[in-house]
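Contents: one structure, followed by commentary.
Only heavy atoms go into these numbers, but all of them, side chains included; no hydrogens, no water, no symmetry mates. In this text the structure is predicted, and so the values were computed from the model without any measurement.
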Amino acid sequence: LTGNDRLVELGAELRRQTRLVGLVTLSHTVELEHSANEHHELLDLLEEGRGEDAESLMRIHVGHVMGWWAGLAEDLAP
């Protein structure tokens, strides 16, 4: 959405490196649904030109994912 080819390639490389790590254990969980929702929020923020908010959410998102893959529980109640 930003037209930044370097950022797209970096994202693709990170996805290649982490794609399957822990994903099987997260399938059909509230955590995976929450993660997908964060992806949609990130895209919305980028589309709206709200880079600082996107950065903040990305930091939160990475923390969530690292914790979930490490088996750490988190309260995701709305």
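Residues Glu38 and Met58 are not in side-chain contact: their nearest non-hydrogen atoms beyond the backbone lie 4.5 Å or more apart.
Separating the CG atom in Asp44 from the CG atom in Leu57 is a distance of 10.0 Å, to the nearest 0.5 Å. Rounded to the nearest 0.5 angstrom, Ile60 CD1 and Glu41 CD are separated by 9.0 Å. Atoms NE2 and OG, on His61 and Ser56 in that order, are 13.0 Å from each other to the nearest 0.5 Å.
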Name each donor-acceptor pair under 3.5 Å that joins a side chain in residues 46-54 to protein atoms two or more places apart or in another chain, with its distance.
from	atom 1	to	atom 2	distance (Å)
Glu48	OE1	Arg50	NH1	2.9
Arg50	NE	Asp53	OD2	2.9
Arg50	NH2	Asp53	OD2	2.9

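In this view, Leu7 and Thr2, Asn4 satisfy the side chain to side chain contact (heavy atoms under 4.5 Å, CB included) rule, not counting sequence neighbours.
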